[in-house]
Number of protein chains: 4
Amino acid sequence: MTADDKRRRILEAAVRVFAAQGYDASRVGDVAKEAGVAYGLVYHYYESKEAVLEAVFREAWGRLLAAVALAEETGANAAEQLELVVKIVLRAWRDDPDLVRLLVREVTRNPHIQDELDEIGQAFASLERMVSRGQADGTFRAELDPKLAAWMLYGALEEVLTGWVLGQLPDDASAVSAAERELTATMVGGMRT
Amino acid sequence: MTADDKRRRILEAAVRVFAAQGYDASRVGDVAKEAGVAYGLVYHYYESKEAVLEAVFREAWGRLLAAVALAEETGANAAEQLELVVKIVLRAWRDDPDLVRLLVREVTRNPHIQDELDEIGQAFASLERMVSRGQADGTFRAELDPKLAAWMLYGALEEVLTGWVLGQLPDDASAVSAAERELTATMVGGMRT
Amino acid sequence: MTADDKRRRILEAAVRVFAAQGYDASRVGDVAKEAGVAYGLVYHYYESKEAVLEAVFREAWGRLLAAVALAEETGANAAEQLELVVKIVLRAWRDDPDLVRLLVREVTRNPHIQDELDEIGQAFASLERMVSRGQADGTFRAELDPKLAAWMLYGALEEVLTGWVLGQLPDDASAVSAAERELTATMVGGMRT
Amino acid sequence: MTADDKRRRILEAAVRVFAAQGYDASRVGDVAKEAGVAYGLVYHYYESKEAVLEAVFREAWGRLLAAVALAEETGANAAEQLELVVKIVLRAWRDDPDLVRLLVREVTRNPHIQDELDEIGQAFASLERMVSRGQADGTFRAELDPKLAAWMLYGALEEVLTGWVLGQLPDDASAVSAAERELTATMVGGMRT
DNA sequence: GATGAATGAGATTTCATTCAT
DNA sequence: AATGAATGAAATCTCATTCAT
């Protein structure tokens, strides 16, 4: 096994452990045990417990950002682009629920994480651009503030994920595709002229 | 100063401290110092640090719930009721931003809290009833799941508050009223047939 | 027992433990156990392990400084003043060998301790003044640099203490008074014209 | 580069690192990095971190001891021999201040080291013999204990070095030769009848 | 010989909670 | 009711040493 494999194993173990117990309640030793490595190795690869969390965030948001950027390139028009974003985000839950659970739980709680991650800002900027484009071509209401719209959309998305995370909303396959449809219909529909 | 005054001062200090530093990072001593009382007095009035958080939640949600219930009684129809809820929640920010900051950061994230507070569930149930009523009278789309709609609405609201909390969205008086209008237009509008 | 008693007991325990094992090899728990208090109480009174060492130094040097200042006032002439200093320092060994052992072992090793303790500088300045005075009245050689002389005297004193600390020099009562005589005869004698 | 070169580079790096940070605060990795070799290589050549310190001492004292032995052979009489020793020790500072800094800081303080290094004892024995010889030929006071005299001399010397190490005493060329003269005048002069 | 990843015991420090006054 | 000293379990982090390659 290469050294980078170990680094990756630690990161993936951290996602599982932090997701299951929350960041604060997780001990570094839990992460090491879950990764199947010695305690000290976590500190060989990462400066501190918080640096592990940051690395998780950085990568997760990196992936999400790539997906959103793809949506921005691929989508024919603003509405379709936003629809793609909704799909991408909601399907992330299906693909890696632990990671989503972690992001949902901790991002809001660690304010200084946010300062360091401009990937978050870039994702929001991308959403804003989509809304603006929709206003330019007359699809969306002109008086809507694109920044506010981006935050509302993100909030609705995140809360549906939270509902799934907390087991308060059904998250079987059909519920997930229904949520996709209804989120698009409501949020994108609500922006239309 | 009466005993109840001290109890209240501790509670209000806790709101400020938890809001500023987050619950986990706050020490009991910080709360005591902020309240201007002796360390041990916090334990005289509350069982534990977590009991303080719980008391804060209970009271805050109580107030919010009362407001939502009032909206349900007062509003002429579903759309108007939801509009009132949006107003109430967003204005809570203006009235007590620290409390809102605390709720936003901790409520959906602290699993322990949720078990004990079915008030949260009641607020969501109230929102659900409003959506259902709107579907019954043909205002809202029939295929919309009321529960999902309630979560989306709450998420959009919460995220706008978060934007204000983090200083990422403008929160002057005119921005707040614009947000009120646009949130209603988008979310309630998006639910319409 | 008053709170300050406990603080003092911790300080005195620290002197014994640091003297016996050396600062680096001593654990905070050893100090607590020696003082007969709980682990955390050390941190109730002192910021850190190093702060304890600093407090010991500050007090010990304070006492020494006071003694040297007294010698400066009391002594009839420069030679007599220096003789008094030799006596004071060597007798500190008899009175509190652990404290002397600690000072001898650690002062040179913790360079940044020295920055914080200008008491050390004051003691040296006092010695310098004595030498200068002796030069002024023709007792000591004029070409001797008073600062250098102060350092030489201190070094010879400290080394005799070290010999005692390490058990390499005899330290029974008669050896101690012989050392007093010979140190004075050699060092003060060596400065004379 | 030969294997012995590497061994030597590690030793010289250790002198610099231990001198700069102190032995306890120095990490094995610091020494390896300073030497420009791999972490593990330090352990290839030396049993442990302490073995490195020991090797440094052994060599340094070996050199010093040789110099003192030379002084004992070369010097015409006791006073001249001691004068030579003073010169040798003080000039070691000019030649390798890091090494001197390290010896000054650690040698008399690390109890473990002393047991293993009887070279230290030999150097002191050599000084004692010189003093005794001086007493035998009537140069030095008969009542002076040769062992105590050796320790005093060493202490005065060491302290002047310490003053230079700490930057508290001037150590330019003229100050160094003045110190040589004055140390001899005071210490050796003080022993005379 | 040379490398640096891997190990884990052990240290400091934190802080919720208890308790004597 | 009110105080704040006292407790000690539990966490993070360090780093000398080992070992596979």
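Labels below follow one simple rule: chain letters A, B, ... track the order of the sequence lines, proteins then strands, and each chain is numbered from 1. None of these values were measured; they are calculated from a predicted model. Hydrogens, waters and symmetry mates are skipped; everything else that's a heavy atom, side chains included, is used.
Between the CG atom of Asp24(B) and the C1' atom of dA11(F) there is a distance of 13 Å, rounded to whole Å. Straight-line distance from the OH atom of Tyr39(C) to the P atom of dA11(F): 15 Å, rounded to whole Å. The nearest whole Å value for the distance from the CD atom in Glu47(B) to the P atom in dT18(E) is 8 Å. In this structure, CZ of Arg27(A) is placed 16 Å from P of dA9(F), rounded to the nearest angstrom. Between the CG atom of Asp4(D) and the C1' atom of dG1(E) there is a distance of 13 Å, given to the nearest Å. Rounded to an integer number of Å, the gap from Leu41(A) CG to dG4(E) C1' is 12 Å. What separates OH of Tyr43(A) from P of dA16(F) is a distance of 18 Å, to the nearest Å. Residue Asp30(B) contributes atom CG, which lies 8 Å from atom P of dA16(E) at whole-angstrom precision.
Looking at heavy-atom distances under 4.0 Å, Tyr45(B) makes contact with sugar-phosphate atoms alone, never a base.
Atom-to-atom distance recorded for His44(C):NE2 and Ile10(C):CD1 is 9.0 Å, nearest 0.5 angstrom. In this structure, CZ on Arg9(D) lies 9.5 Å from CD on Glu12(D), to the nearest 0.5 angstrom.
Residues Phe18(D) and Val52(D) form a side-chain contact, since some pair of their non-hydrogen atoms from C-beta on lies under 4.5 Å apart.
As the counterpart of dG8(E), dC15(F) is assigned, both hydrogen-bonding distances of the Watson-Crick or G-U wobble pattern falling under 3.5 Å. Across all strands shown, dT21(E) pairs with dA2(F); the Watson-Crick or G-U wobble distances both stay below 3.5 Å.
Nearer the 5' end of DNA chain F, as judged by each residue's closest nucleotide, is the contact made by Val37(C), out of Ala25(A) and Val37(C). Heavy-atom distances to DNA chain E give each of Ser26(C) and Gly36(A) a nearest nucleotide, and the one nearer the 5′ end belongs to Gly36(A).
A sub-4.0 Å separation between OP1 or OP2 of dA2(E) and a side-chain N or O of Lys6(D) is present. For His44(D), a side-chain nitrogen or oxygen approaches OP1 or OP2 of dG1(E) to under 4.0 Å.
Nearest to the side chain of Ala38(B), among dT12(F), dT13(E), dG4(F), sits dG4(F).
A salt bridge links Asp98(A) to Arg101(A): one of the charged nitrogens lies within less than 4.0 Å of a carboxylate oxygen. Electrostatic pairing of Asp30(A) and Arg27(A) counts as a salt bridge here, judged by a charged N lying under 4.0 Å from a carboxylate O.
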